[in-house]
Structure formats: C-alpha cells, structure tokens
Amino acid sequence: MTTTPPPWPGDPLPERELELAAADRAVDALCRTRPEGGLLVYSGAAGIGKTSVLARVRARAAERCTVRTTRADPGTTAVPFHTARALFAPDLADTDGLAALLGPHRALAGPALGLTTPGDEPADPQGVQDALVALTARAARSHRARPLVLVLDDAHWADGESLGWLAALGPRLARLPLLLVVAHRPTEHAAEESRPHLDALGTAARLRVTLRALSPEAAAGLTRRALGTGADDALGRALWDATGGSPYELAELLARLREHPLDPGADQATAVRELAATVRGHRLADRLGGLGPDAARLAWAAAVLGAGIPLRLAASLAGLSPGRQATATGELRAARVLNPGDTVDFTHPLVAGAVYDAVPRSLRTTFHGRAAWLLTAEGHSPAAAARHLLEVHPDQDPALVEQLRRAAREHLAVGAPDAARRCLERALREPPEHHLRAHVHHELGCAALLTSPADTVRHLRTALELPGLDDTLRADATFRLAQALAHNQQMREASLSVAFAAATTEPGPERLRLQAAHFMYDAFRATEDDGPGRSRRLAQLADPLAGETNAERALLTLRAFDGMLRGENHTVVAEFCERALTDGHPAPGLGWTDTVWGFEYPCLAGITYAWIDELDRAEELFGEAVRAYEISGWSGGHLAFAHMLTGAVLRRRGRLAEAETRLRESLRLADRIGTGLPVHWDAVCLLVDTLLARGRTADAQRLAEARGFGPPYPDAMILPDAPSVHGRLLLALGRTDEAVAALEAASAMAERGRHNPVWAPWRRDLAGALATRDPERARALTRRLRVDAERFGTPTALGMALGCEAALAPAGAAPALHARAVAHLEESPARDELARARVALGLATGDRDQLHRGLLLARTCGADALAEQARSALA
C-alpha cells in the first residue's frame, strides 16, 4: 500500500538512525552465505513514525531481498487470515509455483488463504496454523537467491488468526532465511484476543523498539528542510510545541505551511496551534465539510468498506455516478485524505479512523448493511460480508441470521472458531426466529468447543432447554456438552448429563449412543458411587452383543476397557476388543477423526490392548491415530493425545528413552492449547513413571513439582493410576512414610473393583515399603497380588507378582521365584521388567550370566540406574 511521503523525501529520517541500523544488520544477517532470519518489532503511538520507518526498511531491504508487505486495517480485523493472504498475495498469484508452495498442506492452508473452497467439516485451528507456518518456511526457502522479508504495518489491527500464525512463526525465524518486520501501536489498542499474540511477537523479537517523539532540535531541522533555511528556530519550536514531536502531525503541518505560508505579521505560536488542531481528531474530519457532500459521502463510504476495496464500490455505496465519483476522488486526493489508486487507500490510519468516526451513526449502520449486500453481489463469500453484518443494528431479520450462520460455518471450515463465535453471537442478538434459537445456541456451543469449554457448556445447556432440536440434534448437543464438561475436568456432570438424556430418549440408536457415553464418563471418573454395580450393568448390556452396529461396538469397547481395569482374564478381554473392531481397526463412523461418536472409543480399545500385553495391536491403532491426525491437520489436543498414547505403548514395551521423547512431544503439543487438560495429567503421569523406570529420580521430581503432579487429583481417571505412580516417586525419594500414605490411597482402585496389577501396581510398591516395618502385611499384599495376577493371566502381571513375592521371600525360596518371574517375563513385551527380573535373579544367585544379560537389556531399554546396578554387581 502507498502512504503519504514525508516532506523530507530522500533525506535520512531524523532521530531514527539506530532503529534503521538495526534493520540493516538484520538484513545483512539474512543475506549471508548461511542466512540467519529474525524478527524486528517497532511499537509506538499513532503518528509516531512507524510507517515511515518501515518504508525505509522496505526500500533498503528491496535492494537485496524479496520484500512482501501489507498494512492491516481496522476494517479487516474481523476477517480471518486476511493479513496472511495480503502478505503472500504475489506468491499465491504465481500459479506455476503454487503447488510447491502449498505442499502437503493444501487441504488446510488452501481454504484459509482463499485458494480452495472450504470443506463441510470444521478445520482444526492448530492444524491450520501449523500448515501456514510450514508454508511460510517453504516460501522462505524458495527465495534463497533473494531472501524473503515480510513487513507488516499496523499489526494491532491484523486479524487474530494471522497474528496467531505470526506468533507461532516467531520462535522459528532464526532457523529460516526469513526476516519478519512488524510495527504496531501499544497493545491496549489491539483486540483482546490479539494482545497475547503481539506480546509473543515481542518476546521472540531479536530487537523490540519503542519509537519516541522527535526532539525540538529535530523539529527545527525538519522545518528548515521543508520551508527553507529562512525558517527560524522559533517556528520550529512552535511546531514542536503544537505537535508534541509527533512526526505525522509535524509532516502535515509542514505540508500545509508550504501551501499556505503564515502571515509574517501573525503570532506564530497561536497560528500554529490553530493549524495543528485541524490535523488531529474530529477537526481532521471537518476538512471534508469544505469539500462538498459528494467528497464527504465517498470518504465515509470508503472508511466503512476499508482498505483495498475498489473505489467504484465505495462510490456505489455512496450513491455517486462515475462522473461525480471522479470529481470527489480528485478532491479527496488533493486534500490528502486518499492516496492515488483504484482502491480505498487513506493517506494515514489516523485519517481513516477520523473519517470513520465522523460518519453519522445512523448512516454508518446503513452503510454497513448495504456494504454486506454489495460484497455478496460482487461474488464475495458470506464470511467476507460478515464483518459488516456484525455492525448492523438488530432488527429481527431472518435473512441476516441465515447469512451470519453461513458465515460462521465458513469460518469454522477454515479454522477460525473465534470468528464463527462472533457471527453466531451477533445472530442471537438479532434475534433468530423462535424455532431457530436452539439451533443457533447449538452451533455456537460447537464453535466454542475447541477454544472455550465454559462457553460450550453454557450454550449447549441453553440449546437443550429450548424447543426446536430433533432427537438427533438433541443427542448430539448432549454428547458435545458431556465432552466439554469432561474437557473441563467435570466428569460427574458429564456423566449425569448423558444419563438424564438417555433416560428421556426413545429407544433407538441415539439412546444407545447416550447410554454408551454414560458408561464411558462414569468409567473415566476418579471416584464413583458404585463402580462394581456399573460394571455389572455394563456387562449385562454388552456381553450378548455381536458388534453389528456402532452403538454395539461402542458398548463392547467399554466392556473390554472395564474388564481390563477389573483384571478379568486377558483372553476374555481380548475377545471383547475383537468384537468391537472391524478386522482389527475402528469401524467406519468410529474412527479417529469421526466426530459423531468421538475419538474416545478407538482410544479405549488401544489402551485395553496395551495393558493386556497385546502391544502390537495397540501400537498399530495408535500409529493410525497419529497418521490420521497429521493427514487431517488435527495438530491440537487430538494429536497430543495420540503421541501420549504412543508413548504409553513404548513405556509398556520398556523402550524408555523413546517413550520419554514421545511423551515430551505430547506435552509440547498439549501446552499450545492450554494447561491442566486431561492429556496433561496423563502425559505427566506417564513421563514421571518413565523417568522413574530409567532411574532418573531427580528429573521425575522436578517434572512433578513443575507440573503440579500429585494430590489433589482431578475427577478424571489418569493414565496409568496416578496415586500408584506418585507413591513410587516418594519411595524413590526416600520419603517412605509419605509413600505408604500415597499407596494406601491408591488402594481405592480395589474398592471400585479394579484389580489390574499392571495398571495400578500399588500392592507391589506398598509391600516393598512395608517389608521391614510390617512384614505380615507385606506378605498379605504379595499373596493378593499373586491372586490378581493369576486371574488376569498376562505374562507381565505374573512376572511382576512373582518378582515381588521373591523380593520378600526367605533366602532359600527366593531364587526359584525369581527364576519363575524371568520365565514369565520372557513371554512378556515389557523388556524393562525382564531386565529387572534378570538382575534380581543374578543378585539372588550370583549368576553372572543373568547379571550380564540383565545389564545388556537394561542398556537397550534405557533403564540407566538398573544397568549401573548390574554393572556394579559384575565388577
């Protein structure tokens, strides 16, 4: 975009030498043989000279680099990805290189950038953001001959989605041949949702500069440069006093004075103050009054439409013929309101803001309504016109409600749920016709599901209280309400919501869906009124089912998961899993990215396989999940959960170093979408467990303290049993009394009828802690552990139980028990448990071969402390 040139063209910007030198250094670093990218942020008040600084940065960079530039505009703040499209407009217009630029992210980045039609399903916002970051990296690497510089002015007005992309890009810039230069006003001028992104850009910047007002000396020098050497210092001082050193106001005053010099006999200070009042605030817009009604209406229409819109549309909105438009346009350019060109381009954002504020309020509303109609008639999408509809006064207009609902669907399809929320909230204020209000609340609840669980709960509850939803939509609203409650750690409320809906729904597929969800959320609760009773009811319902429908498959999945937790025989549990799946995979409609039933059911099938020693089956399922989410661009909480589950399988296999890497990646992904989510608790619990298995107790302690891992726990079951893992951490730290108390708390699992000794191995650890202080209780615990292990029947459970019994047995009986533990664990996929058993057997018998084999296996697993123990014994 063009901007008003300063009155000192070609000369250095006064008192901006350090800021420009920093930009020169950044460009130098970008143009080295090994390019070093970066981020420069210039901030300051309106009129302080940010645009002039960026103009010089662009001009200097253009000599050696490819420069892409745009200026955000208040009219496009509510248009998702508008700034991203503007920055990449030349690259997107290059049809030959477009396929390479989009790469594998065409399905996600294409709709956001306006290149392809959005799909019918909502896009994952995090996935779209990641796709744009990847696209930017490809664009930067494609410009190696002339490195890429992106320049964004007035970033405080950029849309939140584009700012989120730039904030995510910021930390990666040092590794890319790309320089990003951003200018913005203080963050309080930005929309509330944009402020964290601007702060993140400032944090990631290699240089963050706040531009200051010019000094009186600089003002005097500029005055002489603009008006000639005859201009005295007193005039320069008067201009500085009147403008406060604002470069924009100073430039405007000097331009006026060049055209209309002061009367030599006038009081300079008074005359300058009066003149200065005309270049700011409402007095600036008063200039339009002297230009005639056509110029004023055209300026008002242009301010409503915003930058970049064709002037012919502004003239149409103002009701001007082509001839009258040409005259009015010439007058506005002569008055330095508009820059030359065929599109709306105000000479300065202060001018645009003042003109917009000057539009009479009633006319402004009318203009916004007509602007939406004009853009739609021009072929623009409902989303493009929606920003104008947001400004129209509510008037019970059904057509406007429908336009806003269509715009919201389009926003969701490109990964902009906040924009969708704004449209639907505005639709509610219209308001919709009575029979549609529940539908709009339902849509609004679904739009907020990924960004605000609390808003989702509020709107879905309202939708369910209103008439208008059929049985299918009512079941869907209830299901999503439960998801939001569970996401917000309100498991009891999630369970009660689906239980009530199931009881009031007629028999059929929707009722079965709700019943399955009720069993699921009850199973997920950390505390439960009647766990054994729920298990019996679930068994009665699910055991006869063949798995012919998705409702039956969902119930069978829950039955298998519940059986695994209860410690039923693993072959029986595996048989339920087989009936729940189709050829070992989730059935159509129950897959990882299907939204009707949710991703929880294939998750539960994989978790069940992981804890019945069917780790190949679990790994295959979770590998499918990672691929499905990556292909679909679901890189938020779903992908974090998939990585966590894959880490759980690696932990169960004893591949501890790989498990740690995968679990840390899960935490990194989860941190991008919030804190305290269920996936955080699961990943931290598994990571603490993994670090303890590696013998890295100090690391486990630091992680637990940093992440708040420990009681009180949320009302959501943690994978695996959190009190057992926390008790083991306390034991490793030597805090035995606290460990015993924690492990006693873990015994609540048994009270709920859950006796899986691998999922919740509290008996093994508690028996070890009580071995010397209460040997009789310790032996009782090992006997019950053995009973549970034999009932469950997996090699891992049997080997762990025998190893625990051997550790407490008399010296004469211990070797045989250790040997039996090794024999079982040789059939187990848990390699770290086998290594532990071999070392224990070697220590008990002095068998150096067992110690050596245990040492090698411990090293392979990454069980460092165990390997050191074996090495010391061998030495």
*Asks:* Counting only N and O atoms by type, is there a donor-acceptor contact under 3.5 Å from the side chain of T76 to the main-chain atoms of V79?
*Replies:*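 Not at all, since once roles are kept as given, no pair shorter than 3.5 Å links the two residues.
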
*Asks:* Quick one: pull up CG in L466 and NE2 in H435 and give me the separation to the nearest 0.5 Å.
*Replies:* 13.0 Å

*Asks:* Please name the pair of heavy atoms, one in A486 and one in A494, separated by the smallest distance, quoted to 0.1 Å.
*Replies:*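 Answer, listing the atom of A486 first, then A494: N-CB, 4.1 Å.
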
*Asks:* Is a salt bridge present between R461 and E493, judged by a nitrogen-to-oxygen distance below 4.0 Å?
*Replies:*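 Judged by the 4.0 Å cut-off on N to carboxylate O distance, R461 and E493 do not form a salt bridge.
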
*Asks:* One pair to check against salt bridge (Lys or Arg N to Asp or Glu O under 4.0 Å): R421 and E193. What are the steps and the verdict?
*Replies:* CA-CA 13 Å; R421 173 182 52 78; E193 60 267 24; 5.1 Å; no

*Asks:* For R579 and L545, indicate whether the former's side chain and the latter's backbone hold a donor-acceptor pair under 3.5 Å.
*Replies:*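 At least one qualifying donor-acceptor pair exists.
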
*Asks:* Does a sphere of radius 6.0 Å around CG in D470 hold more than 12 heavy atoms from other residues, nucleotides or ligands, not counting ones at 6.0 Å or beyond?
*Replies:*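 Yes.
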
*Asks:* Within the side chain of D395, is there an N or O that forms a donor-acceptor pair under 3.5 Å with the backbone of D397?
*Replies:* no

*Asks:* Hey, does V128 have a side-chain heavy atom less than 4.5 Å from the side chain of V414?
*Replies:*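 Of all side-chain heavy-atom pairs linking V128 with V414, none is under 4.5 Å.
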
*Asks:* Can you measure from CZ (F561) to CE (M520) and round to the nearest 0.5 angstrom?
*Replies:*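 CE of M520 is found 10.5 Å from CZ of F561.
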
*Asks:* Between L400, L444, V440, which is the residue that forms a side-chain contact (heavy atoms from CB on, under 4.5 Å) with R405?
*Replies:* V440

*Asks:* How close do L424 and A447 get, counting heavy atoms only, and between which atoms?
*Replies:* CD1-CB, 4.2 Å

*Asks:* May I have the step-by-step check of side chain to side chain contact (heavy atoms under 4.5 Å, CB included) for F81 and W165, ending in yes or no?
*Replies:* CA-CA 9 Å; F81 303 109; W165 152 61; 5.7 Å; no

*Asks:* Do NZ/NE/NH1/NH2 and the carboxylate oxygens of R668 and D671 come within less than 4.0 Å?
*Replies:*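 No, this pair does not count.
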
*Asks:* Mark yes when over 12 heavy atoms from residues, nucleotides or ligands other than R511 sit less than 6.0 Å from its CZ; otherwise mark no.
*Replies:* yes

*Asks:* Any Lys/Arg nitrogen of R387 or D159 sitting under 4.0 Å from an Asp/Glu carboxylate oxygen of the other?
*Replies:* no

*Asks:* When you compare the side chain of R513 with that of T505, does any pair of heavy atoms fall below 4.5 Å?
*Replies:*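 No, side chains not in contact.
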
*Asks:* So, taking the atom named CD1 in I612 and the one named CD1 in I607, what distance separates them when rounded to the nearest 0.5 Å?
*Replies:* 12.5 Å

*Asks:* Going by distance alone, is a donor N or O of one side chain under 3.5 Å from an acceptor N or O of the other, for E410 and S381?
*Replies:* yes

*Asks:* Please round to the nearest 0.5 Å and tell me the distance separating atom CE of M717 and atom SG of C685.
*Replies:*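 Rounded to the nearest 0.5 Å, the CE-SG separation comes to 11.0 Å.
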
*Asks:* Might you point out which heavy atoms bring R559 and A542 nearest each other, and give the distance in Å?
*Replies:*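 Nearest pair, atom of R559 first, then A542: CB-CB, 3.8 Å.
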
*Asks:* Does any non-hydrogen side-chain atom of D715 lie less than 4.5 Å from one of Q489?
*Replies:*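 When only atoms from C-beta onward are counted, D715 and Q489 do not touch, as no gap falls below 4.5 Å.
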
*Asks:* Side-chain donor-acceptor pair under 3.5 Å between D124 and Q126, yes or no?
*Replies:*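 No pair is found: no donor N or O on one side chain lies under 3.5 Å from an acceptor on the other.
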
*Asks:* When you measure from the side chain of R672 to the backbone N and O of S635, does any donor-acceptor pair fall under 3.5 Å?
*Replies:* yes

*Asks:* Which is it for F622 and F641 under the side chain to side chain contact (heavy atoms under 4.5 Å, CB included) test, yes or no, and what are the steps along the way?
*Replies:* CA-CA 10 Å; F622 297 150; F641 215 87; over 6 Å; no

*Asks:* Mind checking whether L719 and M644 have side chains closer than 4.5 Å, heavy atoms only?
*Replies:* yes

*Asks:* Is any NZ, NE, NH1 or NH2 atom of the basic residue among R627 and E624 found under 4.0 Å from an Asp or Glu carboxylate oxygen of the other?
*Replies:* no

*Asks:* Less than 4.5 Å apart, any side-chain heavy atom of L687 and any of R707?
*Replies:* no

*Asks:* Does H439 reach the main-chain N or O of G468 with its side chain, forming a donor-acceptor pair under 3.5 Å?
*Replies:* yes

*Asks:* Between R525 and D522, does a side chain to side chain contact (heavy atoms under 4.5 Å, CB included) hold up when you go through it step by step?
*Replies:* CA-CA 5 Å; R525 291 182 59 195; D522 265 354; 3.9 Å; yes

*Asks:* May I ask you to say whether R474 pairs ionically with D471, meaning some side-chain N is under 4.0 Å from a carboxylate O?
*Replies:*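 Between D471 and R474 there is no salt bridge, as every charged N stays at least 4.0 Å from the carboxylate O atoms.
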
*Asks:* Can you tell me if R458 uses its side chain to pair, donor with acceptor, with the backbone of G445 under 3.5 Å?
*Replies:*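 The answer is no, because no donor-acceptor pair under 3.5 Å joins these two groups.
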
*Asks:* Could you tell me whether a side-chain N or O of H441 sits under 3.5 Å from a main-chain N or O of A438, the two making a donor and an acceptor?
*Replies:*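 It does not hold such a pair.
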
*Asks:* Would you call D562 and F576 a side-chain contact if the rule is heavy atoms closer than 4.5 Å?
*Replies:*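 No - every pair of side-chain heavy atoms lies 4.5 Å or more apart.
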
*Asks:* Any side-chain heavy atom of R553 sitting closer than 4.5 Å to one from T582?
*Replies:* yes

*Asks:* If I compare all heavy atoms of L469 with all of A463, which pair ends up nearest, and what's the gap?
*Replies:* CD1-O, 3.7 Å

*Asks:* Side chains of D476 and H442: donor-acceptor distance under 3.5 Å anywhere?
*Replies:*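 Yes, a side-chain donor-acceptor pair sits under 3.5 Å.
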
*Asks:* Rounded at 0.5 Å granularity, tell me how far CG in N488 sits from CG in L677.
*Replies:* 9.0 Å

*Asks:* Between the side chains of T365 and H393, does any donor sit under 3.5 Å from an acceptor?
*Replies:*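 Distance-only check passes for T365 and H393.
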
*Asks:* Quick one: pull up CG in L558 and NE2 in H518 and give me the separation to the nearest 0.5 Å.
*Replies:* 11.5 Å

*Asks:* Over all heavy atoms of both residues, which pair between W681 and P712 is shortest? Give the atoms and the distance, please.
*Replies:* CH2-O, 4.1 Å

*Asks:* Thinking salt bridges, do R409 and E402 make one under a 4.0 Å N-O criterion?
*Replies:*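 Answer for the salt bridge query: yes.
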
*Asks:* With the threshold set at 4.0 Å, does a side-chain nitrogen-carboxylate oxygen contact exist between R652 and E619?
*Replies:* no

*Asks:* Side chain to side chain contact (heavy atoms under 4.5 Å, CB included) between Y521 and L496: does it pass, once the steps are laid out?
*Replies:* CA-CA 9 Å; Y521 289 119; L496 290 175; over 6 Å; no

*Asks:* So, does S632 use its side chain to make a donor-acceptor pair with the main chain of Y629 at under 3.5 Å?
*Replies:*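 Not a single qualifying donor-acceptor pair exists.
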
*Asks:* What I want to find out is whether R426 reaches E430 closely enough, with some N-O distance under 4.0 Å, to be called a salt bridge.
*Replies:* yes

*Asks:* Please examine the side chains of L581 and Y609, heavy atoms only from C-beta on, and report whether any two atoms are closer than 4.5 Å.
*Replies:*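 Yes - at least one pair of side-chain heavy atoms lies under 4.5 Å apart.
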
*Asks:* Is it true that a side-chain atom of R437 and a backbone atom of P432 form a donor plus acceptor pair closer than 3.5 Å?
*Replies:*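 Yes, R437 side chain to P432 backbone: donor-acceptor pair under 3.5 Å.
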
*Asks:* Locate the shortest heavy-atom distance separating C423 from A408; write the atom from each residue and the value.
*Replies:* CB-CB, 4.1 Å

*Asks:* Between D721 and W759, is there a donor-acceptor pair closer than 3.5 Å when you use the side chain of the first and the backbone of the second?
*Replies:*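 Looks like no, no N/O pair under 3.5 Å.
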
